[in-house]
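The structure appears right after this line, and notes come after that.
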Amino acid sequence: MLDLRGTGDLAILYAARYPQRIRSLSLITARARALGVDFTEEHRREITALRTAESWFEAAHEAYEAVWFGDPTDADFDAAAPFLYGRWDAAAQAHAAAEAEQTNEPAAGIYASSGAFDPAATRAAMASLDAPVLVLAGELDSGPRPRVAAGIAALFPHAELTIQPGAGHYPWLDDRVRFTQTVAAFLTRGRAHSIK
């Protein structure tokens, strides 16, 4: 299994280059720029409409707009964090607080730069991938929105799509039990697929 949470493009590119090494592929709230799929302004704005009743909405909304559509400051990224989680509880807040020290900003700045991906070649490689693929998205995630995740799943011949209810971009924090059961069941089915 190759499970690179938060690095969907890397997982996809690895599978495209080394398909014989892939027994199963888990794409958890993954971007798929390597396949030519990205998230639009419409996708980002849809999520704000779903979260207007949240107690944190007013404080986070202006920052969220700046992050995706303006000139954000570090404070805006921090203030917009609740949009990434299904629940803005102590676990989510601790996770968000640790994010900055886990990010390599210079690498992130060039990671998906112009010409970094060849979507046509990657799509062609994925069209013949024999391994089962799990595409798991959170119901409340803006990237990928459930319908975008469905489009990503459609690019793989043996994919299954799961939308985790009430989850944002970190479904393992939003409902650890449901997330673990979903992934474990997929991996069990994946082992059966590889034995055939």
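Note that these values count all heavy atoms, side chains included, but never hydrogens, waters or copies made by symmetry. All figures in this text were calculated on a predicted structure; none of them were measured in a lab.
- Shown here is E62, whose CD atom has no more than 12 heavy atoms of other residues, nucleotides or ligands within 6.0 Å.
- Judged as a side chain to side chain contact (heavy atoms under 4.5 Å, CB included), and not counting sequence neighbours, E58 has no contacts.
- Applying the salt bridge (charged side-chain N to carboxylate O under 4.0 Å, His left out) rule to E139 yields no partners; only residues at least two apart in sequence or on another chain are considered.
- Of the charged side-chain nitrogens involved, none lies within less than 4.0 Å of a carboxylate oxygen, so that D9 and R31 do not count as a salt-bridged pair.
- A 6.0 Å sphere centred on CZ of R176 holds no more than 12 heavy atoms belonging to other residues, nucleotides or ligands.
- Atoms CD1 and CZ, on I22 and R17 in that order, are 13.0 Å from each other to the nearest 0.5 Å.
- In this view, Y170 and Y85, H95, W172 satisfy the ring pair (Phe, Tyr, Trp, His ring centres under 6.0 Å) rule, not counting sequence neighbours.
- In terms of modelled atom types and a separation under 3.5 Å, the side chain of T40 and the main chain of H43 share a donor-acceptor contact.
- The two residues M126 and A15 make their nearest non-hydrogen contact at CE-C, 3.5 Å.
- With sequence neighbours excluded, no residue forms a salt bridge (charged side-chain N to carboxylate O under 4.0 Å, His left out) with E99.
- Take T180 and apply the side-chain hydrogen bond (donor to acceptor under 3.5 Å, both in side chains) test, not counting sequence neighbours, and it matches no residue.
- Every residue meeting the side-chain hydrogen bond (donor to acceptor under 3.5 Å, both in side chains) condition with E42, not counting sequence neighbours, appears here in chain and number order: R147.
- Partner of P171 under the side chain to side chain contact (heavy atoms under 4.5 Å, CB included) criterion, out of I163, D141, T29: T29 alone.
- For D174 (side chain) and G168 (main-chain N/O), a donor-acceptor pair under 3.5 Å exists by modelled atom type.
- Across every non-hydrogen atom of W88 and A81, the tightest pair is CH2-CB, 3.8 Å.
- For A32, the side chain to side chain contact (heavy atoms under 4.5 Å, CB included) test picks out I12, L35, V37, I152, with sequence neighbours left out.
- Every residue meeting the side-chain hydrogen bond (donor to acceptor under 3.5 Å, both in side chains) condition with T73, not counting sequence neighbours, appears here in chain and number order: D76.
- Closest approach of L161 and A153 over heavy atoms only: CB-CB, 4.3 Å.
- Here I47 contributes atom CD1 and H169 contributes atom NE2; the two are 12.0 Å apart, rounded to the nearest 0.5 Å.
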Quiz prompt | Verdict with supporting geometry, L136 and L27, side-chain contact (heavy atoms from CB on, under 4.5 Å) | solution = CA-CA 6 Å; L136 189 151; L27 299 174; over 6 Å; no
Exercise. Show the numbers, then the answer: is there a side-chain contact (heavy atoms from CB on, under 4.5 Å) between V148 and F39?
Key: CA-CA 8 Å; V148 175; F39 314 132; 3.9 Å; yes
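- Under the ring pair (Phe, Tyr, Trp, His ring centres under 6.0 Å) criterion, F77 pairs with no residue, sequence neighbours left out.
- Separating the OG1 atom in T162 from the CZ atom in F179 is a distance of 10.5 Å, to the nearest 0.5 Å.
- In summary, the aromatic rings of W56 and F83 are positioned with their centroids under 6.0 Å apart.
- Rounded to the nearest 0.5 Å, atoms CD (Q93) and CG (D78) are 12.0 Å apart.
- Under the side-chain hydrogen bond (donor to acceptor under 3.5 Å, both in side chains) criterion, D118 pairs with no residue at all, not counting sequence neighbours.
- Residues A79 and A63 share a closest heavy-atom pair of CB-CB, 3.5 Å.
- Taking the salt bridge (charged side-chain N to carboxylate O under 4.0 Å, His left out) definition, one finds that R123 meets it with nothing, sequence neighbours left out.
- Between L134 atom CG and H158 atom NE2 the span is 15.0 Å, to the nearest 0.5 Å.
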Quiz prompt | From CA spacing to verdict: side-chain contact (heavy atoms from CB on, under 4.5 Å), L187, S24 | solution = CA-CA 7 Å; L187 294 175; S24 63; 3.7 Å; yes
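- Annotation for P157 and L129: closest pair CG-O, 3.1 Å, computed over non-hydrogen atoms.
- Between D89 and L173 the shortest side-chain heavy-atom distance does not fall below 4.5 Å.
- Contacts of D175 classified as salt bridge (charged side-chain N to carboxylate O under 4.0 Å, His left out), with partners at least two apart in sequence or in another chain: R178.
- What you find for A30 and G8 is that their closest heavy atoms are CB-CA, 3.7 Å.
- With hydrogens and angles ignored, the 3.5 Å screen pairs no side-chain donor or acceptor of S142 with any backbone N or O of R44.
- With hydrogens and angles ignored, the 3.5 Å screen pairs no side-chain donor or acceptor of R51 with any backbone N or O of H61.
- Annotation: cation-pi geometry not satisfied between R189 and F186 (NZ/CZ under 6.0 angstrom from ring centroid, within 45° of ring axis).
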